Amino acid sequence: MSASHEPTSHTFEANAREALANARLQKALGAASGRFVSHRASAVAERPDFEELRRCGHAIKQEALDRLPQLLEQFEEHVVARGGRVHWARDAEEANQHVIRIAKNENVKRIVKSKSMATEEIHLNHALEAAGFEVVETDLGEFIIQLDKDIPSHIIAPAVHLTKEQVSEIFERELRETNAPGAGIPGLNAIARRTLRKSFLSAEMGISGANFAAADSGSIVIVENEGNAGLCSTLPRIHVAVVGIEKLVPRFDDLAVMLKLLGRSATGQRLTSYTNFITGIAGDGEEGPEQFHVILLDNGRSKIYDDDHLWGSLRCIRCGACLNACPVYKRAGGHAYGWVYQGPIGAVITPQYLGLERAPALPYASSLCGACFEVCPVKIEIPHMLLELRSQVVEASTEASGAAPKRPFFESLSFGAFAFLGRRPKLWDFATRLGRWLLRARSSDGQIPALSLPLLNRWTARRDLRAPARETFREEWARRRGRADAEADA
Amino acid sequence: MPRKVSLFVTCLADQVMTQAAWAAVELLEKLGCQVEVPMGQTCCGQPAFNSGYRNEAREVARHWLETFKHAQYIVSPSGSCTSMVKVFYKDLFEPGSPEAREIARLAARTYELTQFIVWELGRTDVGARYRGKVAYHASCHLLRELGERHAPRGLLERVQGAELVSIKDSETVCCGFGGTFSVKMADLSAAMLDEKLAALEASGADCVVACDAGCLLHIGGGLTRRGSRVRAFHIAELLTGRVPAPDAHV
Ligand code: SF4
């Protein structure tokens with residue numbers, strides 16, 4: 001996998017086919033999904049009030065969206081009052097420039113980073129390296145990904161697509177750790193820890209994301225299991241947090257609910273091993289960074305905010321539960337989605353960030369089974385949003401401008417005919433009789449083993465198609481019961 | 001007064017799985033309902049809706065509303081088509097429009113078959129017998145859009161002689177049908193199906209039942225392609241004795 005930044009969302013189907021053919025990947029995905037799902041299930045079962053918690057989580061994030069402009073200002077006031085600084089970034093370019101400017105002003109050379117999807121979204125590492133800074137990812141998964149010049153394949157488990165054997169190979173190749181093969185997971189951890197410790201101690205700047213930002217205190221919260229985010233935000237002289245504007249919650253107290261939901265939904269933990277609350281800079285006599293910068297990132301979020309049907313997707317707390325529950329993600333893997341966010345929530349938001357014309361297949365990458373909605377801690381109606389996006393895909397395809405890709409001719413023709421016949425029962429019956437007759441001619445023993453018709457050939461490639469009935473149920477009903485009905489009516 | 005039920009056959013049961021429709025009629029009549037079949041019914045419009053063709057779906061939905069406007073109860077042997085009417089129709093029309101009001105009126109009297117029997121008629125024992133092992137596949141739309149976990153199981157538990165076997169983790173996992181998903185993303189769909197079929201075969205069941213013609217077409221087509229000994233039936237077929245005992249077939 002190359003670290004190309006060009007999205008490949010438009011080729012989802014081909015990407016997924018490639019993933020399906022990769023046995024090693026299928027094994028890694030299957031194992032991880034099983035683990036995540038069962039851990040979450042037991043953590044949720046522990047709380048009989050989990051549904052109530054979900055309702056509260058939904059309400060808190062919805063309130064935050066309803067009052068977002070006001071909360072953002074309130075948040076900024078509190079950050080500033082505690083000695084921090086807030087920088088507003090309309091897009092990736094502005095956000096990256098803020099970070100580069102701060103680093104240059106402060107004579108920074110080395111930077112350590114903890115895991116952050118927002119920084120993936122803006123390709124911050126790439127921008128910093130191009131500007132001459134040394135950047136080291138310190139989350140174990142991200143560290144592996146960075147060494148391998150790969151991209152993350154899961155919101156919370158970036159290297160989930162790799163087996164431990166592959167990780168050993170990467171360490172051996174990139175770190176010249178000849179002991180890596182056969183080191184086992186503890187051994188690999190030790191290698192990473194040893195390598196990263198040097199970076200922590202020498203870095204002048206630490207960059208993090210944030211899981212939540214509390215408007216009434218100016219605090220940001222970072223949850224993690226490795227302790228690296230804590231180090232990134234305390235050891236270096238300068239801490240920069242890149243925070244999407246949707247991360248706000250109205251009150252610090254709301255975190256009591258949100259943290260219960262996040263750990264359980266994400267990894268099946270009651271709480272993650274570390275929960276970092278960061279409010280302003282270190283006071284007199286306290287240890288900690290001299291500077292605390294928050295980059296508030298829009299980068300397309302306010303556009304989503306304006307879509308009446310889809311703005312609820314901004315409630316997402318990036319727990320990854322919908323990925324783990326999704327039978328499509330489990331097969332296709334994260335890279336198939338072609339951009340930073342994967343799985344069901346990726347299928348909803350990627351087309352909004354990149355533009356529908358660059359990801360027209362993603363809304364269709366779902367059987368609409370609803371498992372994602374069932375586990376989402378903030379009750380995002382993902383299946384309904386995918387349906388809404390599908391209608392936007394079709395609508396855009398008929399626009400005169402011709403900017404959006406056209407739908408396949410066969411598809412629009414079929415649904416045109418479907419609508420025409422669907423409200424003309426006599427013609428419907430005639431057309432379906434013809435269709436049944438054609439299909440029955442290809443059947444043997446009540447099953448159709450192979451068809452060369454468009455789309456239906458894809459069905460019969462892997463399954464039989466049950467032959468339609470000679471006579472429809474309604475025809476048979478009219479024949480057998482018609483007279484009885486007529487008598488009863490008389 | 002017997003309840004008057006208008007059977008919402010659904011296009012798949014009408015054209016392909018006619019035995020499921022007859023079984024539904026037999027069950028309803030046995031339980032004292034008077035069944036009628038509106039002859040002008042076609043489809044609920046779900047294939048177009050799920051593919052993003054809302055204008056097309058809207059026209060077919062209007063036809064459905066017209067067809068069933070005089071119904072006292074509307075009962076369907078498919079959870080997915082029922083959810084189209086009860087959950088998704090309202091997304092097709094402006095709130096407050098005449099259609100939206102009509103949808104609210106008719107959706108309230110529309111039921112999936114097992115929900116109607118258990119919750120409206122208050123019956124779980126319908127006098128069914130089956131000598132063999134049965135697996136229940138929970139179809140996604142009945143399970144999640146209509147939120148039904150109990151009705152089909154309640155009915156199956158009271159089938160005399162039947163042993164209900166669990167397909168464990170896989171019971172509530174999608175079979176990969178998803179309507180047009182099965183042909184649009186055929187490889188992913190088939191991979192999901194494979195997992196479902198393997199779980200079914202490992203369960204030891206002789207037959208699998210579900211409340212949805214679409215899923216059954218998918219699972220059934222996969223089973224016959226594999227030459228599996230497990231067979232797929234609509235739950236109503238089992239409840240009306242239409243499923244032959246496992247040793248009665250070859
Ligand atoms: S959509 Fe819901 S389940 Fe998926 S990552 Fe976001 S919060 Fe978690």
Side-chain angles (χ1 to χ4, degrees), chain A residues 13 16-17 20 34 37 327-328 331-332 363-371 373-374 383-384 387-395 411-412 415-416 418-423 425 428 432 436 447 449 455-456 458-459 461-469 471-474 476-478 481 485, chain B residues 9 11 13-18 21-22 25 36-37 39-43 45 47-57 59-60 62-63 88 91 140-141 143-145 169 172-174 176-179 181-193 195 217-218 220-222 224-225:
Chain A
E13 289 175 76
R17 259 197 301 278
L20 282 167
V37 167
V328 172
R331 297 292 176 182
Y364 294 92
S366 164
S367 66
L368 304 173
C369 78
F373 172 69
E374 194 173 64
H384 287 250
L387 283 163
E388 168 64 26
L389 281 161
R390 292 178 186 190
S391 79
Q392 292 185 10
V393 168
V394 171
E395 221 164 89
E411 182 186 282
S412 25
F415 285 118
F418 174 76
F420 182 83
L421 297 169
R423 54 188 196 275
W428 169 272
T432 52
R436 288 200 311 282
Q447 301 289 340
L455 292 181
L456 284 179
R458 299 205 201 166
W459 175 287
R462 301 281 288 275
R463 337 147 172 76
D464 291 342
L465 181 62
R466 183 156 161 181
E471 191 180 34
T472 64
F473 165 78
R474 282 174 305 128
E476 204 180 337
W477 172 272
R481 301 283 191 98
D485 272 6
Chain B
V9 189
C11 54
D14 186 42
Q15 309 267 341
V16 185
M17 300 194 55
T18 56
W22 281 112
V25 170
E36 60 112 29
V37 179
M39 293 304 283
Q41 58 185 300
T42 56
C43 174
F49 179 75
N50 280 5
S51 297
Y53 289 79
R54 294 220 169 164
N55 293 331
E56 289 76 1
E59 291 182 32
V60 180
R62 280 207 183 92
H63 176 74
F88 295 104
D91 292 354
C140 302
H141 280 171
L143 178 71
R144 302 204 176 90
E145 295 299 342
D169 292 346
T172 56
V173 173
C174 179
F177 176 60
F181 174 77
S182 61
V183 289
K184 274 203 167 87
M185 307 255 172
D187 299 306
L188 284 167
S189 163
M192 287 156 70
L193 178 62
E195 185 171 324
L217 202 66
H218 196 230
T224 59
R225 173 62 57 92

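Chain letters run A, B, ... following the sequence lines, proteins first and then strands; every chain starts at 1. Note that these values count all heavy atoms, side chains included, but never hydrogens, waters or copies made by symmetry. From a predicted model like this one, the values you see are computed outputs, not experimental measurements.
- Using a 4.5 Å cut-off between heavy atoms, A:Glu395 makes no contact with chain B at all.
- In this structure, the portions of A:Ala365 lying under 4.5 Å from any heavy atom of chain B include both its backbone and its side chain.
- Among the candidates A:Gln392, A:Glu13, A:Glu374, the residue making the largest number of heavy-atom pairs closer than 4.5 Å to chain B is A:Glu374.
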Could you go through B:Asp91 and A:Leu387, starting from their C-alpha distance and side-chain angles, then the distance that decides it, and tell me whether this counts as side-chain contact (heavy atoms from CB on, under 4.5 Å)? CA-CA 10 Å; B:Asp91 292 354; A:Leu387 283 163; 5.9 Å; no
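- Checking side-chain atoms of B:His63 against main-chain N and O of B:Gly40 turns up a donor-acceptor pair under 3.5 Å.
- For B:Ser51, the parts lying under 4.5 angstrom from a heavy atom of chain A are both the backbone and the side chain.
- A:Phe418 and A:Phe415 have perpendicular rings, their planes meeting at more than 60° on a 0 to 90° scale where under 30° would count as parallel.
- Proximity to chain B involves both the backbone and the side chain of A:Trp459, based on heavy atoms less than 4.5 angstrom apart.
- Interface check for chain A: of the options B:Asn55, B:Val173, B:Val9, B:Leu188, the most heavy-atom pairs under 4.5 Å are formed by B:Leu188.
- Using modelled atom types, no side-chain atom of A:Arg436 and backbone atom of B:Val16 make a donor-acceptor pair closer than 3.5 Å.
- Ranked by heavy-atom pairs under 4.5 Å with chain A, the list B:Cys43, B:Gly220, B:Gly178, B:Ala190 is led by B:Ala190.
- Residue A:Val393: no heavy atom, backbone or side chain, is found under 4.5 Å from chain B.
- For a residue to count as touching a neighbouring chain, one of its non-hydrogen atoms must lie under 4.5 Å from one of that chain's; by this rule B:Arg144 touches chain A with the side chain only.
- In terms of non-hydrogen atom pairs under 4.5 Å with chain A, the most contact-rich of B:Leu193, B:Thr18, B:Val183, B:Val25 is B:Val183.
- Only the backbone of A:Ser366 comes within less than 4.5 Å of a heavy atom of chain B; no side-chain atom from C-beta onward does.
- Formation of a donor-acceptor pair under 3.5 Å by the B:Arg225 side chain with backbone atoms of B:Gly221 is not found in this model.
- Without hydrogens or angle criteria, B:Asp187 side chain to A:Ala16 main chain gives no donor-acceptor distance under 3.5 Å.
- When the candidates B:Ser189, B:Ala13, B:Gly176 are compared by the number of heavy-atom contacts under 4.5 Å with chain A, B:Ser189 comes out ahead.
- Between A:Arg474 atom CZ and B:Gln15 atom CD the span is 6.5 Å, to the nearest 0.5 Å.
- In terms of heavy-atom proximity, A:Leu20 sits nearest to B:Ala191 at CD2-CB, 3.7 Å.
- With rounding to the nearest 0.5 Å, the separation of NE2 in A:His384 from CG in A:Leu389 is 13.5 Å.
- B:Trp22 and A:Phe473 have perpendicular rings, their planes meeting at more than 60° on a 0 to 90° scale where under 30° would count as parallel.
- Heavy-atom distances place both the backbone and the side chain of B:Phe49 under 4.5 Å from chain A.
- Among A:Gly34, A:Ala461, A:Gly422, the residue with the largest count of heavy-atom pairs under 4.5 Å with chain B is A:Gly422.
- Without hydrogens or angle criteria, A:Arg390 side chain to A:Pro363 main chain gives a donor-acceptor distance under 3.5 Å.
- Contact annotation for B:Gln41: both backbone and side-chain heavy atoms come within less than 4.5 Å of a heavy atom of chain A.
- Comparing B:Pro47, B:Gly222, B:Ala57 by heavy-atom pairs within less than 4.5 Å of chain A, the highest count is held by B:Pro47.
- For A:Glu411, the parts lying under 4.5 angstrom from a heavy atom of chain B are both the backbone and the side chain.
- Options B:Asn50, B:Leu217, B:Val60 differ in how many heavy-atom pairs under 4.5 Å they form with chain A, and the most are formed by B:Asn50.
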